[in-house]
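Residue numbers begin at 1 in each chain, while the letters A, B, ... track the order of the sequences.
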Amino acid sequence: MTINTLSQDGVQRQQMPCLTKMERMIISMQDPDMGIKLRNQRLLITVIPHAMTGLDIVEWLIKKCSISDEEALHVGQLFVKYGYIYPLKEPRNLILKADDSSYRFQTPYYWMSTRWPASELDYAIYLAKKNIRKQGELIEYEKECYNALHKRINHTWDFVVMQAREQLRASKQRRKGDRIVLECQEQAYWLVNRPPPGTQDSIDHGPERRTTNTRVYVKYCEQYQPHDPIMQGCLPSNPWITDDIMFWNMNSETVALPTKLRVERWSFSFMELLNDQMGRKEFLTYLEKEFSAENLCFWQACEDVRHGETAKIPEKVDEVYKQFLAPGASRWVNIDSKTMEKTLEGLKRPHRFVLDDAQMHIYFLMKKDSYPRYLKSELYKNLLARAITDTTPFAHVFPFMRRQRHSSPSPALATQTAEDDGKAKYSNSNSGTVLGFTDLQMKLLYLSLALFNINSNTK
Amino acid sequence: MCDQTFLAITFGPCDNCSQNKPLMNIYLKNEPINYCSLCVELMACQGLAKGETIHTLKAESETLKTKLEEERAKLHDVELHQVAEKIEALGQFVMKTRRTLKGHGNKVLCVDWCRDKRRIVSSSQDGKVIVWDAYTTNKEHAVTMPCTWVMACAYAPSGCAVACGGLDNKCSVYPLSLDKNENLAAKKKSVAMHTNYLSSCSFTNSDMQILTSSGDGTCALWDVESGQLLQSFHGHSADVLSLNLAPSETGNTFVSGGCDKKANVWDMRSGQNVQSFETHESDINSVKYYPSGDAFATGSDDATCRLYDLRADREVAIYSKESIIFGASSVDFSLSGRLLFAGYNDYTINVWDVLKGTRVAILFGHENRVSTVRVSPDGTAFCSGSWDNTLRIWA
């Protein structure tokens, strides 16, 4: 379950024309020569830069569009309603007054075309910040929203609070003037996107048109095309075509150095990283450095419960509790109190899905927090830099050589003796060692033969 | 002309000329009558307007049909194909048979790849289940089932076992032993029990659970060790022919297709049917998820393959051609999801451009129906199984 709301592309297509038009106007309003004259505005004891009066806006519109007072006021009002301009003195009153009341342009970061629809997660972080900053600063309807969100996206509440704290800390390090401007901008954004009840919802739109988000497919196909051997071939060669299994050897589970394509693929999605055993191992190493390895271990243990033998579920669940959930456990995982409570309650009657909520919480925590940081980490970047690229296609060096098709050890062999709990582990059946040697030896043989031939021919 | 016309062929005395001929049941003013085709034509001519002949009317109905298809195609154009217009078209497409696996004594019905990317398990009408190293074409294991028509087979994720079943109404798991002398059948585990034939089976993320679909109209989830039924899925009104597990993060859903022309999406935990799609005109023989899990493709006896988007909750593409008349028995995607491989009952395999909706290639080679098509786990090749008793690896 993700916290996405409507398919962005779909509804954006609806909204785009009017927003683009508005934005073009807003940009020309800010033109240094032909735009509105901006000045500093004193707000209590601080000075807010780049402010203008309502009258400025109306007059500019009259001149630019050759329209009447009434129409200019109407058009200007729309800009305020859609959040492109916000008032300074009475922020909650989204009205344009054709007098000396101060207004500012909203930063493009918060424009409706860039940040629409407003995500629940962001709103939760905003309210959390307000709450932390000053107790009782949340007004009535904001408190209600806060509580509703807390219930709805409870599994990421840790993340929300952490983000809020981080953002507050970062803002404290800014100059006061900047800080106030940023707060004004953020507040204006949320007043437009989460208006108090009773006020008109400016972003009201018609019934959701279920357009297919077809760009999803195009994007996916494009992203994966270099990895699709049938579409684009694979290096050094496709084993089925050239009878050379180098490609399989190079991409096996236990290879020393992975290929660049493979490491890149881990960045496509968290699932790609976890689905590759090598990727999972690398990620675990990274988490160990961050002292949060227990998260991945917990997740794996939950998978084992979900997909394992029914008979072993009670004992497995008990193990998980002892290791990860019990107070003072050696690898205690940080789950929010609500989920923990629910899970512990369910443990009294353990079943296959009893750990699902907790597992989901930890999964999304890793996905939203550790995974993006791993991709930016030195560990990942180093591996990517060292990874194998553009191999010379060995098979084509000796085209006359009819390749022997070697058999490989059956996966059934290695795990025959080991008692398996049903985890999908299997030994690498394409172990490069034995076969690689033979291939290499053959190549050396042919090379020396070829050289011998050349030598004898030139004599 | 008649007020309503329903065509159904039976044989017997015509209501008009009393001769024994193949009859068409038609309704004249809501009364059902049985006329032979000659009498139908004669009667139809009575209602012809000036200047019209049977010939002209037939031609008119043909043009209307093509117009209808065009309009239909336009509707689909607005979506997937329109966005795909800007993408480069695929160039010349060359795929050849790289391996031919001979060894089955009768029709090959099902095939599945091992996660090691080179081994496969195949099952056949004669009751034999064979495990091959497709790369070397060596047979590694062979099991003789106690029944014929083994329609389903699957390789366990660990590579240590295979599951199969068919007319015995069961799904059995055979651990693969490397001891040549050991009779694999001895260690067989009976897992699933249905009340009609087993049409498809698949392991979930581990060796411990199997998902099955059956001619009894249900799907079921089983615990391998105990044979216990964990969950059953009711909702199809006819035989369920195929199923496929979703590649999602939470790994909780699967899709099934059946003879009731429906494709249903199920939640594995609750057993609920969460989504249903019914646009095919005939039995759905095969269902397969698009690699991202956002959609799935189907192959049907109505000679079309279709793509259904899960979020939009509807069909978004049809892959069909006038020259393709026979049903599609099996479909699978290439690794990137750009290509759809479909095996047909006219012995061919058609390769479709998923985004543009066009056919990229037609592959000849099999000498009888293609019953199953599966792409290898790393996308380097795909395997086709046929009623000509062979399997082919294409790359």
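- A donor-acceptor contact closer than 3.5 angstrom links the side chains of B:Ser334 and A:Asp228.
- To the nearest 0.5 Å, the span separating CZ on B:Arg118 from CH2 on A:Trp248 amounts to 5.5 Å.
- Contacts with chain A (heavy atom to heavy atom, under 4.5 Å) involve these residues of residues 221-230 of chain B, listed by number: B:Asp223, B:Glu225, B:Gln228, B:Leu230.
- If you measure heavy-atom distances from A:Gln359 to chain B, you find no contacts under 4.5 Å at all.
- A:Pro239 approaches B:Thr380 most closely through the heavy-atom pair CD-CG2, 4.4 Å.
- Counting heavy atoms from C-beta outward, A:Ile230 and B:Phe341 have side chains that approach closer than 4.5 Å.
- A 4.5 Å side-chain heavy-atom check between A:Ile245 and B:Tyr135 finds at least one atom pair inside the cut-off.
- B:Arg98 approaches A:Trp240 most closely through the heavy-atom pair CB-O, 3.4 Å.
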Exercise for the section: Go through the steps to decide whether A:Tyr220 and B:Asp294 satisfy the test side-chain contact (heavy atoms from CB on, under 4.5 Å), and finish with yes or no. Expected result: CA-CA 10 Å; A:Tyr220 189 94; B:Asp294 293 321; 5.9 Å; no

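- In summary, the side chains of B:Arg119 and A:Ser408 do present a donor paired with an acceptor at a separation below 3.5 Å, with no hydrogens or angles considered.
- Here the NE2-CG distance, from A:His227 to B:Asp378, works out to 13.0 Å after rounding to the nearest 0.5 Å.
- Among the candidates A:Phe353, A:Tyr363, A:Tyr224, the residue making the largest number of heavy-atom pairs closer than 4.5 Å to chain B is A:Phe353.
- For A:Pro226, no part sits under 4.5 Å from any heavy atom of chain B, backbone or side chain.
- With no hydrogens or angles considered, a side-chain donor-acceptor pair links A:Arg306 and B:Asn252 at under 3.5 Å.
- With rounding to the nearest 0.5 Å, the separation of CG in B:Asp116 from OG in A:Ser252 is 12.0 Å.
- Residue B:Tyr290 touches chain A through its side chain alone, counting heavy-atom pairs closer than 4.5 Å.
- In terms of heavy-atom proximity, B:Thr136 sits nearest to A:Arg405 at CG2-O, 3.7 Å.
- Most heavy-atom pairs under 4.5 Å with chain A: of the set B:Gly337, B:Pro291, B:Cys114, this distinction falls to B:Pro291.
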Practice task
Begin with the C-alpha distance, continue with both residues' side-chain angles, and end with the deciding distance and a verdict on side-chain contact (heavy atoms from CB on, under 4.5 Å) for B:Val354 and A:Cys221.
Solution key: CA-CA 9 Å; B:Val354 171; A:Cys221 287; 5.7 Å; no

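- For B:Lys189, the NZ atom sits in a packed shell: over 12 heavy atoms of surrounding residues, nucleotides or ligands are nearer than 6.0 Å.
- Considering only heavy atoms from C-beta on, A:Ser410 stays 4.5 Å or farther from B:Leu176 through its side chain.
- The residue among B:Arg338, B:Arg99, B:Gln209 with the most heavy atom pairs within less than 4.5 Å of chain A is B:Arg99.
- Heavy atoms of B:Ala161 lying under 4.5 Å from chain A are absent altogether.
- A pairwise comparison of heavy atoms in A:Pro411 and B:Cys160 identifies O-SG, 4.0 Å as the closest pair.
- The two residues B:Ser336 and A:Met231 make their nearest non-hydrogen contact at OG-CG, 3.9 Å.
- When A:Val218, A:Leu274, A:Thr310, A:Asn251 are compared by the number of non-hydrogen pairs under 4.5 Å with chain B, A:Thr310 comes out ahead.
- Heavy-atom pairs under 4.5 Å with chain A were tallied for B:Ser292, B:Pro247, B:Ala295; the largest tally goes to B:Ser292.
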